[in-house]
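Only one structure is covered here, and it is reproduced in the block below.
Keep in mind the model is a prediction, meaning the values are calculated, not measured.
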Amino acid sequence: AGGHTTEILRLLSCLSESYSPRHYVLADSDKMSEAKIRSFEQKRAETFSESQFTLDRIPRSREVRQSWISSVVTTLYSIVYSLPLTYKRQPDLILCNGPGTCVPICISAFLLGLLRIKRTIIVYVESICRVETLSLSGKILYYFSDYFIVQWPDLKRKYPKSVYLGRVV
């Protein structure tokens with residue numbers, strides 16, 4: 001909530017209006033991000049009058065300090081919950097940057113691709129604060145993403161599939 005949302009909105013501010021409509025997916029308990037997104041989209045609508053977006057909520061896959069064992073169960077639940085949403089939205093592209101909420105969405109999109117229902121490009125941008133190691137979401141999505149972007153050269157050396165672009169947020 002907060003930091004990841006700020007980073008993703010900075011990325012989105014650089015995209016043209018051809019990336020529309022935008023579908024935001026939030027954890028059901030995340031109130032702060034919704035306010036930031038609505039403010040961002042309101043400002044964007046001043047420039048792009050045809051701007052369209054939706055907000056969807058899914059169960060949080062992992063709470064802070066939740067045990068690893070129970071987080072496997074809640075993440076699986078979140079993936080099952082995300083499948084109909086991903087099927088309904090059928091995104092062409094998923095752009096995500098690290099909060100645990102992105103894992104169930106990306107895995108459900110990956111599964112829809114395996115089933116040949118809808119192929120979605122997954123672009124994961126590791127947070128600027130991850131200098132030496134990947135986040136847990138990054139460690140998981142490194143294997144599922146089409147493009148895995150890191151913002152520090154040390155991470156590029158450790159993870160050869162990644163793309164180093166320097167600072168992007």
Side-chain angles (χ1 to χ4, degrees), residues 1-12 22-38 40 53-91 93-115 117-152 154-163 168-169:
H4 288 294
T5 302
T6 300
E7 285 187 6
I8 202 75
L9 293 177
R10 283 186 188 152
L11 285 170
L12 290 174
R22 286 165 304 287
H23 304 288
Y24 297 92
V25 180
L26 310 166
D28 53 8
S29 59
D30 184 353
K31 305 296 182 226
M32 184 188 312
S33 294
E34 181 175 351
K36 286 184 175 188
I37 291 165
R38 289 193 184 280
F40 170 80
F53 75 99
T54 62
L55 287 168
D56 291 299
R57 295 188 174 276
I58 63 170
R60 188 176 288 276
S61 54
R62 184 172 184 270
E63 295 288 347
V64 176
R65 296 189 191 100
Q66 182 179 348
S67 74
W68 293 106
I69 292 171
S70 67
S71 68
V72 169
V73 174
T74 55
T75 300
L76 288 173
Y77 173 70
S78 191
I79 291 168
V80 170
Y81 190 94
S82 298
L83 274 167
L85 174 62
T86 308
Y87 179 78
K88 176 184 171 186
R89 297 291 182 208
Q90 296 215 358
L93 170 76
I94 294 176
L95 177 63
C96 56
N97 67 329
T101 305
C102 71
V103 173
I105 293 295
C106 289
I107 290 176
S108 64
F110 182 79
L111 291 172
L112 290 177
L114 286 178
L115 296 171
I117 294 171
K118 171 66 176 169
R119 169 78 171 99
T120 300
I121 296 170
I122 299 171
V123 178
Y124 181 86
V125 181
E126 185 61 274
S127 177
I128 188 76
C129 68
R130 303 308 300 207
V131 177
E132 296 178 4
T133 61
L134 297 179
S135 62
L136 179 58
S137 297
K139 289 174 184 174
I140 295 167
L141 293 178
Y142 182 75
Y143 300 100
F144 294 96
S145 61
D146 295 286
Y147 300 96
F148 191 91
I149 299 168
V150 296
Q151 300 184 62
W152 296 97
D154 286 349
L155 288 176
K156 170 61 182 163
R157 285 190 281 278
K158 288 181 183 177
Y159 299 94
K161 176 190 163 193
S162 67
V163 177
V168 293
V169 295

Sidechain-backbone polar pair: Q151 side chain, V168 backbone, donor-acceptor under 3.5 Å: yes
Results of side chain to side chain contact (heavy atoms under 4.5 Å, CB included) for T75 - residues two or more places apart only: S61, I79
Donor-acceptor pair, side chain of S33 and main chain of D30, under 3.5 angstrom: no
Y77 OH: over 12 foreign heavy atoms closer than 6.0 Å: no
Derivation of the side-chain contact (heavy atoms from CB on, under 4.5 Å) call for I58 and V25: CA-CA 7 Å; I58 63 170; V25 180; 3.9 Å; yes
Side-chain donor or acceptor of S135 paired with backbone N/O of G138 under 3.5 Å: yes
side-chain hydrogen bond (donor to acceptor under 3.5 Å, both in side chains), paired with H23, selected from T54, T86, D56: T54
Within 45° cone of Y142 ring axis and under 6.0 Å: K161 NZ or CZ: yes
Salt bridge (charged side-chain N to carboxylate O under 4.0 Å, His left out) partners of R157, counting only residues at least two apart: D154
Donor-acceptor contact present, side-chain K158 to main-chain E132, <3.5 Å: yes
K31 backbone acceptor or donor facing E34 side chain under 3.5 Å: no
Heavy-atom donor-acceptor pair, R57 side chain to A27 backbone, under 3.5 Å: yes
